[in-house]
Amino acid sequence: MRLRFTKMHGLGNDFVVLDGVGQAVELTPAQLRYLADRHFGVGCDQILLVEKAGRPDVDFRYRIFNADGGEVQQCGNGARCFVRFVHDKGLTSKREIRVETASGVIVPRLEADGQVTVDMGPPRFEPADIPFVADARAVTYVLDIGQPVELSALSMGNPHAVLETCNVDTAPVAEWGPLIEHHVRFPERVNVGFMQLVHRRAIKLRVFERGSGETLACGTGACAAAVAGMQRGLLEREVEVQTRGGRLTIRWDGEGHSVFMTGPAVTVFQGEIDIP
Ligand SMILES: N[C@H](CCC[C@H](N)C(=O)O)C(=O)O
């Protein structure tokens, strides 16, 4: 099967973006893994599939697949690339679009300065909504990974665990990331964020992503870390999140409100690939 694709990234979290409107796209997990493979395929953290709307109140449908071939509910850096892609491809003339995802509707908007702001919807904290095994909702939980670790757990449509660290550069991302990702108390696995407080309006963040490993940035992870920090009383309502790939701005006005994320979206190249 020959596929046209566009390579994009949001702060170095990179994507193969497929137009499922102009070309029929149905890929098996093995084909998705091939596309994502950095030696034998194109290479990316996630594959983003653009589809036409399945309901009248949205403009497009957005499907997300991790490098391991698994389909997931949400991708924040990908949402910024999504609106850049559909606008640049002439699939819409709107600068603000409503996009259906597996976890609800998000609203990305192309800003005049070239940045993209996304209404990511509200965070969810009930353990069953994350999902996370816990007797009751709490601000932080203790997880046994051979030693007790304290973490926040919440959903941005996809599951996130957030730990506080005194230094992101020396945090045990590679060691603890997989242990927490695959922990039995996260039945759908989990994205694992390591957050260092810089001051009340800024954090540093590294994320070991479910299904992809550590990425240079994670949009939903930045939202989850900022919200966790606010819930712990450590952060103000607008936070700069410093990731290895660059900076995002996150704003959240509290429970019942959407999380807003602002950052860049970059097109790197276009190509075609024959998928076995
Ligand atoms: N690994 C995530 C999906 C991609 C999220 C990330 N790339 C973002 O920008 O939000 C998951 O399994 O839920």
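First listed ligand is number 1; within each ligand, the first listed atom is number 1.
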> Per the side chain to side chain donor-acceptor pair (under 3.5 Å) rule, what does the pair list look like for residues 111-140, sequence neighbours excluded?
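Side chain to side chain donor-acceptor pair (under 3.5 Å) check on residues 111-140 returns R109-E111, E111-T117, T117-T262, D119-S258, R137-E255, T140-E150.
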
> Would you say W252's side chain and H257's backbone share a donor-acceptor pair under 3.5 angstrom?
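Side chain of W252 to backbone of H257, a donor-acceptor pair under 3.5 Å: yes, one is there.
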
> So which protein residues pack against ligand 1 under 4.0 Å, heavy atoms counted?
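Around ligand 1, where the cutoff is 4.0 Å for heavy atoms, the contacting residues are N13, Q46, N66, V72, Q74, C75, G76, N77, N158, N191, E209, R210, C218, G219, T220.
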
> Considering only NZ, NE, NH1 and NH2 on the basic side and carboxylate oxygens on the acidic side, decide whether E272 and R4 come within less than 4.0 Å.
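Salt bridge absent between E272 and R4.
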
> Once ring-ring contact (aromatic ring centres under 6.0 Å, His included) is applied, what residue pairs with a partner in residues 135-185 remain, sequence neighbours excluded?
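Non-adjacent pairs meeting ring-ring contact (aromatic ring centres under 6.0 Å, His included): F132-Y141.
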
> Working to the nearest 0.5 Å, report the span between OG1 of T101 and CD of Q74.
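Interatomic distance, T101 OG1 to Q74 CD, rounded to 0.5 Å: 4.0 Å.
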
> Could you give all pairs that pass the ring-ring contact (aromatic ring centres under 6.0 Å, His included) test and reach residues 192-251, with sequence neighbours left out?
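Passing the test, one end in residues 192-251: no pairs.
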
